[in-house]
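All remarks here apply to the structure that follows.
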Amino acid sequence: MISGRFWAGLALLLVLCVAAPASAKFEIKKVDPSVVRIFILATRDGKTAPIGSGSGFVINDEGIVATNNHVVDPRGLPKGVKLAAIVVPDGGFEENQLRRAQVLWASPEVDLALIKVEGLKRPPVVISTLGPDIAPEQGDDVYAVGFPGAADAGGTSGLIKSTLTSGVVGKLLIGRADPKEKDRPIIQHNAAVNPGNSGGPLFDECNEVVGINTFVPSSQMEIVKEGERVTASGAAISGIYFSPHISTLVDVLKSKNIKFTGSDQKCAAAAPGQSPMIYVYIGIAALLAATSMILALRRPRERVVQVVETYSQMLRRKGGSAAAAARRDSATGAGQPAGAGATAPLDAGWVLSGFDAEGRTVRVVIGDTQLARAQKGLVIGRQRSLAELLLTDGSVSRRHARIVPLDGGIGIIDLNSSNGTMIDGRRLPPYADPVPLRAGDSLTLGDVRLKLSRS
């Protein structure tokens with residue numbers, strides 16, 4: 001008969017496989033049907049013709065497409081020119097292949113718009129719901145897909161064929177293209193975009209949208225007049241392109257209850273030439289190591305939880321031996337799941353205690369040493385691979401909030417959680433400055449109600 005220890009080891013292997021981040025390779029054929037071209041048709045002297053175009057991407061199966069506001073904004077038309085229609089070519093430029101679109105919502109402040117396209121049956125994209133503090137990171141590969149006007153010189157067939165460019169993330173910043181706009185997270189990258197790319201998606205290696213291609217810096221030229229000859233000189237800016245982070249659009253979609261397909265898994269692209277079997281070997285090695293430890297323990301059921309947690313923490317540290325990691329976890333209280341009856345850490349710290357929606361006791365210990373070692377703070381959430389402080393209640397997001405050191409105490413930042421973070425009944429805006437927490441404060445994460453105290 002198969003022993004309970006075997007099943008415990010097998011459970012550990014399954015946990016490690018589930019916790020592993022998604023690994024994929026960008027596939028243009030997979031995402032291309034979800035990217036559309038948008039034309040603005042105008043009339044003048046009784047004649048209808050396109051006067052501008054941009055790009056967009058399909059949000060859901062209801063024909064809703066996201067793009068830039070400046071792509072569909074009819075203001076600023078020349079005198080005598082009137083807006084005729086916004087259309088999306090769906091297979092060609094015959095009358096029955098131009099699908100009319102209606103603007104559902106638009107905002108000049110963040111240069112975003114949502115349009116509904118009649119009869120459009122295209123697959124929706126997958127949108128990353130990770131915040132700008134998580135993904136993408138500097139150096140990550142990114143891919144711009146859209147319809148730059150410069151590519152139309154290739155002939156009429158090029159008018160409905162998208163253009164793919166690739167590059168890497170240069171940095172992430174907070175900024176805007178126009179003084180009238182709001183500051184927002186922006187991805188700077190070198191995947192070439194040009195007029196006509198506006199409103200199109202910026203993908204990561206896992207085929208998920210992480211940004212919206214919007215603007216490029218203007219090149220400045222010096223004009224010198226010599227008689228009737230005019231000479232322009234100066235360096236044209238190249239390799240610098242800006243795509244506002246997708247989180248701004250995610251907030252809009254959530255606030256308007258517009259359905260979309262989201263993913264909060266951090267993309268981990270497979271290294272070139274790396275075989276997928278490496279994950280099988282890692283899993284087998286982990287199973288053997290875990291089985292050896294389990295056989296040596298007198299109370300296997302209680303210790304299996306501790307081993308799983310400690311191993312996950314060790315993987316995230318990216319260095320140090322397993323033994324050293326175990327010693328650090330023992331000292332700091334790391335790896336203790338909420339409500340597991342964990343003992344307090346050896347060093348001083350903070351304790352969040354209370355009850356979940358079903359009345360079960362919840363206790364989260366935040367050791368001072370543990371917090372000091374975490375460069376970006378400690379994430380509270382319900383997914384082990386994404387959070388250091390676990391709350392397994394279903395109302396808590398996988399990455400719900402971040403605890404950070406603050407002026408000798410601690411503070412908290414909401415990470416765009418689905419059900420919100422509240423202090424004493426006041427809801428926190430996502431990704432805002434950390435809000436100080438003090439002993440006695442009431443903290444609500446989803447349906448979990450906690451009280452903060454000092455240990």
Problem set entry | Qualifying residue, where the test is side chain to side chain contact (heavy atoms under 4.5 Å, CB included) with I115 and the options are I38, V36, L104 |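 Only match with I115 under side chain to side chain contact (heavy atoms under 4.5 Å, CB included): I38.
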For this session: Check the pair I212 / F57 against side chain to side chain contact (heavy atoms under 4.5 Å, CB included), numbers first and verdict last.
Result: CA-CA 9 Å; I212 302 175; F57 51 99; 4.0 Å; yes
Salt bridge check: are [X] and [Y] linked by an N-O gap of less than 4.0 Å?
{"X": "R122", "Y": "D90", "value": "yes"}
{"X": "E109", "Y": "K182", "value": "yes"}
{"X": "K376", "Y": "E388", "value": "no"}

Atom of [X], atom of [Y] and distance for their closest heavy-atom approach:
{"X": "E118", "Y": "R99", "value": "O-CD, 3.1 Å"}
{"X": "D204", "Y": "F26", "value": "O-CD1, 3.6 Å"}
{"X": "V365", "Y": "Q370", "value": "O-OE1, 3.9 Å"}
{"X": "R426", "Y": "V435", "value": "NH2-CG1, 3.8 Å"}
{"X": "I174", "Y": "D183", "value": "CG2-CB, 3.8 Å"}
{"X": "A144", "Y": "A192", "value": "CB-O, 4.3 Å"}

Exercise. Quick one: which of E27, E205, H189 gives a side-chain hydrogen bond (donor to acceptor under 3.5 Å, both in side chains) with Y143?
Worked result: E205
For this session: Say whether, by atom type as modelled, one donor and one acceptor occur between the side chain of D111 and the main chain of N69 under 3.5 angstrom.
Result: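 Here the side-chain-to-backbone pair exists.
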Problem set entry | Residue R449 excluded, over 12 heavy atoms near CZ under 6.0 Å |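 12 or below, so no.
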Problem set entry | Spatial distance of atom CG (L253) from atom CG (L114) [nearest 0.5 Å] | 6.0 Å
Seminar exercise, completed: Here the gap from F215 atom CZ to D178 atom CG, rounded to the nearest 0.5 Å, amounts to 10.0 Å
Exercise. If we ignore angles and hydrogens, is there a donor and acceptor under 3.5 Å between the side chains of N416 and D251?
Worked result: yes
Exercise. Would you say the side-chain atoms of N213 and S243 include a donor-acceptor pair closer than 3.5 Å?
Worked result: yes
